Amino acid sequence: MATIVKVDDLRKVYKGGFKALRGVSLSIEEGEILALLGPNGAGKTTLISALCGITTPTGGSATIGGHDIVTGYRAARAMIGLVPQELALEPFEKVINTVRFSRGLFGKYNDPALIERILRQLSLWDKRNSRIRELSGGMKRRVLIAKALCHEPRVLFLDEPTAGVDVELRRDMWQVVEGLKAQGVTIILTTHYIEEAEAIADRVAVINKGEILLVENKADLMARMGRKSLRIDLSEPLDHVPEALKDYDLELAGDGEALKYHYDTRGDGTGITRLLQALAKEGLSLRDIETRQSSLEEIFVGLVNEETP
Ligand SMILES: Nc1ncnc2c1ncn2[C@@H]1O[C@H](COP(=O)(O)OP(=O)(O)OP(=O)(O)O)[C@@H](O)[C@H]1O
């Protein structure tokens, strides 16, 4: 796959000296869905705004489809659709005119068939003649997406696409995003909902205090999330893990009074039965056992807290 968005040591210092981006580097592949996770104030919107030309970076560089976001602004911007966090729509305008007008802003000829396709895809065709103020919050969000798509962008930025929408509508939105991906659109979305990243992202990037802490394939992250640990409290403490148990990669804990075993819930088998049999064979008797699961949420919170002394 080709790289479509390339961010290299991007920096943003706001007037007053606040460093909102502290050297962000990131490559995004054509056709992928990248979820940008981070706490409030992490720099997600600043990063998206810089890539879309709304905020001027104070250092580093970035390209969209090979066009520099500063020196090649118009060409870069033409490739981008942006769905902002805030619902900035003209309340008395009709849905279809709102979308048509946005296409015109990019200097593109009127294309009724395309507008119809986009409105149908977003289940807005029946509402095309409704005024914006007559729509529900979820529909307004869909209009924002339609506006962002009407000049046929190759890269779509969604800033908190499902903030404040109900669970059902969130799932609808996920389907819309999947449909766009199927058409080859590259999608970068910011979200506070970790389950949203789990549901639709190919890769996850975690940003905190203007720095990228991690960019990882979701499947790999899920594998980490699927990891569980089993703590086995022993009746008699051990001073080392017996040789016969070395294949289980056990960890001695609590001054030798417990063994910790890590396993993957998504694997073929957990290995727990075999381990318990092996412990019995070694003549070890157990006082208690306890399992713990690490979630993506925990991984995320852990990463972010590590950074906050
Ligand atoms: N125009 C501005 N002038 C000064 N500081 C700003 C400006 N815009 C944003 N900031 C600061 O930059 C930091 C990053 O803000 P940003 O909106 O990018 O965060 P975010 O990750 O999108 O947060 P949220 O999840 O709350 O939307 C924040 O501390 C914010 O206060």
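For ligands, and for the atoms within them, numbers begin at 1 and follow the listed sequence. Residue numbers run from 1 in the order of the sequence given. Not measured: the values here are computed from a predicted model. Hydrogens, waters and symmetry mates are skipped; everything else that's a heavy atom, side chains included, is used.
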Return the minimal non-hydrogen interatomic distance between Tyr248 and Gly271, and the atom names on each side. CE2-O, 4.2 Å
Nearest candidate to atom 19 (O) of ligand 1, where distance is taken over non-hydrogen atoms, out of Gly16, Gly210, Gly43: Gly43
Look only at the side chain of Arg131 and the backbone of Phe92, and say whether a donor-acceptor pair between them is shorter than 3.5 Å. yes
Counting non-hydrogen protein atoms only, what is the nearest one to atom 9 (C) of ligand 1? Give residue, atom name and distance. Tyr14 CE1, 3.4 Å
Atom 25 (O) of ligand 1: which protein heavy atom is closest, and how many Å away? Lys44 NZ, 2.7 Å
Just need the protein heavy atom nearest to atom 17 (O) of ligand 1, so name the residue and atom and give the distance. Thr45 CB, 3.6 Å
Counting distance only, does the side-chain N/O of Ser235 pair as donor-acceptor with the main-chain N or O of Ser285 below 3.5 Å? yes
When you compare ligand 1 with Asn40, is there at least one nitrogen or oxygen pair between them that comes in under 3.5 angstrom? yes
Does the cation-pi check pass for Arg103 over Tyr109, that is, NZ or CZ under 6.0 Å from the six-membered ring centre and within 45° of its axis? yes
Shortest protein heavy-atom distance from atom 23 (O) of ligand 1, along with the residue and atom involved: Gly41 N, 2.8 Å
Glu116 and Arg128 ion-paired at < 4.0 Å: no
Can you see which heavy atom on Ser27 is nearest to which on Lys6, and at what distance? OG-NZ, 3.7 Å
Residue, atom and distance of the protein heavy atom nearest atom 27 (O) of ligand 1 read Gln85 NE2, 3.4 Å
Give the residue and atom name of whichever protein heavy atom lies nearest to atom 12 (O) of ligand 1, and the separation in Å to one decimal. Phe18 CE2, 3.4 Å
Nearest heavy atoms of Cys150 and Ile115, plus distance in Å: CB-CD1, 4.3 Å
In ligand 1, the atoms that come under 4.0 Å of a heavy atom of Thr46 are 14 (C), 15 (O), 16 (P), 18 (O)
For ligand 1, find out whether one of its N or O atoms is nearer than 3.5 Å to an N or O atom of Ala42. yes
Hydrogens and angles aside, do Asp9 and Ser25 bring a side-chain donor and acceptor to less than 3.5 Å of each other? no
The atoms of ligand 1 lying under 4.0 Å from a heavy atom of Ala20, numbered in the order shown, are 12 (O)
Would you verify that at least one protein heavy atom lies under 4.0 Å from atom 14 (C) of ligand 1, or report that none does? yes
Heavy-atom protein contact below 4.0 Å for atom 31 (O) of ligand 1: no
Side chain of Arg22, backbone of Lys209: donor and acceptor closer than 3.5 Å? yes
